[in-house]
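Please read the structure below before turning to the comments.
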Protein chains: 2
Amino acid sequence: MKLGTKGRYAVMALVDLAYYGQGKPLALVEIAQRQSLPISYLEQLFLKLRQKGFVASTRGHLGGYTLAREAETIRISEILEAIGEPLETTRCDKSSSTGCLGTNAKCLTHALWAGLGAQMHHYLQGISLADVCERRVI
Amino acid sequence: MKLGTKGRYAVMALVDLAYYGQGKPLALVEIAQRQSLPISYLEQLFLKLRQKGFVASTRGHLGGYTLAREAETIRISEILEAIGEPLETTRCDKSSSTGCLGTNAKCLTHALWAGLGAQMHHYLQGISLADVCERRVI
DNA sequence: TCATACTTGACTAATTTAGTCGGGAATCCT
DNA sequence: AGGATTCCCGACTAAATTAGTCAAGTATGA
């Protein structure tokens, strides 16, 4: 159970953007250098972040990215979901009714994994970009 | 961030053992069939679980595995650690002093990931095998 | 018009995962 | 004693995932 670079880098970059960009567009190169992240990889991530409405882009000279929403309203859990970082603790098929329901002995552990997932989601939903910037993290 | 089969299967098998084995040895085949797990894979996992003192084995006819400790005392977090399921949220090098310390802007997210890891560990340490068997999971 | 910076899709090397396979060794039952 | 059963253990591997790179294009400002 490891956190991948996709989710990690996306959050790092958005925190950097919230922290250093005061309204002005920040170029991806700048963020990448400051955070020591591969720029071509960041490009991929920001494509998604723009499509999902987290950031806005300005092209050309002096262009870059700005936050499209207030840092206070962006939850870490949203970012991870948008970028495609799973947070999967169970493997039960949610759609099918034949899958594990946690009711029989075979899947006694279902409640355990579901509980773990809920715990993680709750934690990450309780923290905003602004909280991270201002070190209000427990 | 997904939970792998190693950790998932190990916990499933130990819960099965605690639930169905009352002191008597349970053969791996039985557990594997009941939980729909590949037996040759389970063998690998039980090798480690025995070496770390979670289960004891009896060879030969009517042999199998028994819990070597009370189900009340075995925490889920212990099982995952024993089996080699990481629970890694950060990538900072713990040993080196040059790594990220969460003190500079570069690693503002450190506290976030460390907090997530602590949250997960705390949850899984608070639940024992017996809790899962008796459905005392939040 | 040129440098800068975002846009996008295709591609890939390396790692990890999720197992399988085969041969042994101990033990019990008849 | 012999065979069935079961654990023991290391080596091996196909498939999936990760963590990126690369190349070519488009828009913008100085």
Side-chain angles (χ1 to χ4, degrees), chain A residues 1-14 17 21 24-68 80 83-89 91, chain B residues 1-14 17 21 24-68 80 83-89 91:
Chain A
M1 190 138 215
K2 303 182 233 181
L3 181 67
T5 53
K6 255 194 316 192
R8 181 200 263 56
Y9 291 178
V11 173
M12 284 173 75
L14 285 184
L17 189 52
K24 311 263 180 184
L26 280 193
L28 226 43
V29 185
E30 197 183 329
I31 299 178
Q33 282 179 351
R34 193 160 34 223
Q35 303 291 331
S36 309
L37 304 176
I39 184 168
S40 46
Y41 193 35
L42 265 195
E43 282 177 346
Q44 270 183 49
L45 303 179
F46 271 74
L47 178 62
K48 280 189 184 171
L49 291 174
R50 185 177 57 81
Q51 287 169 347
K52 306 268 171 137
F54 290 90
V55 298
S57 63
T58 315
R59 314 234 282 205
H61 194 50
L62 295 185
Y65 288 97
T66 52
L67 281 185
L80 296 180
I83 218 67
E85 184 78 54
L87 284 204
E88 277 178 18
T89 51
R91 290 215 170 161
Chain B
M1 190 137 213
K2 303 183 233 181
L3 181 66
T5 54
K6 254 193 318 191
R8 183 201 262 48
Y9 291 178
V11 173
M12 286 174 74
L14 286 184
L17 190 52
K24 311 265 181 185
L26 280 192
L28 226 44
V29 185
E30 197 183 329
I31 298 177
Q33 283 179 351
R34 192 161 36 221
Q35 303 290 333
S36 308
L37 303 176
I39 184 169
S40 46
Y41 194 34
L42 266 194
E43 282 180 346
Q44 268 185 52
L45 303 180
F46 271 74
L47 178 63
K48 278 190 186 171
L49 292 174
R50 185 177 57 81
Q51 287 168 350
K52 306 267 173 141
F54 290 89
V55 296
S57 62
T58 316
R59 313 234 283 205
H61 193 49
L62 296 185
Y65 288 95
T66 52
L67 280 185
L80 296 180
I83 218 66
E85 183 77 54
L87 287 205
E88 277 179 18
T89 53
R91 290 214 170 164

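Given the structure is predicted, the values throughout are model-derived calculations rather than measurements. Order of the sequence lines fixes the chain letters, A, B, ..., with proteins taken first and strands second; residue numbering starts at 1 for each chain.
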Discussion item. Does any part of the side chain of Leu14(B), heavy atoms only, come nearer than 4.5 Å to the side chain of Leu67(B), both counted from C-beta?
Written reply: yes

Worksheet, complete the sentence: dist Leu49(A):CG -> Gln51(A):CD (nearest 0.5 Å) comes out at 9.5 Å

Worksheet item: First and last nucleotide of DNA chain C in contact with chain A, 5' to 3', at under 4.0 Å to a heavy atom: what are they?
Response: dT4(C) to dA18(C)

Worksheet entry | From Gln35(B) atom CD to Arg8(B) atom CZ, the distance as rounded to the nearest 0.5 Å | 12.5 Å

Response to the item:
With B for base contact, S for sugar-phosphate-only contact and - for none (protein heavy atoms under 4.0 Å), nucleotides 18-30 of chain D reads SBBB----BBBSS

Practice prompt. Give one of base, sugar-phosphate or nothing for Phe46(B), where a contact means two heavy atoms less than 4.0 Å apart.
Written response: nothing

Worksheet item: In Å, rounded to the nearest 0.5 Å, how long is the span from OH of Tyr41(B) to OG1 of Thr5(B)?
Response: 3.0 Å

Practice prompt. Kindly indicate whether the side chain of Phe54(A), heavy atoms from C-beta on, has any atom under 4.5 Å from the side chain of Leu17(A).
Written response: no

Fill in: Pairwise distance CD(Glu43(B)) to CD1(Ile39(B)) - rounded to 0.5 angstrom
5.5 Å

Fill in: Sub-4.5 Å side-chain heavy-atom contact between Val11(A) and Ile83(A)
no

Worksheet item: Whole-Å distance between dG10(D) P and Lys48(B) NZ?
Response: 12 Å

Worksheet, complete the sentence: To the nearest 0.5 Å, atom OH of Tyr9(A) lies from atom CG of Leu3(A) at 10.5 Å

Worksheet entry | Distance in angstrom units between Lys24(B) NZ and dT6(D) P, rounded | 15 Å

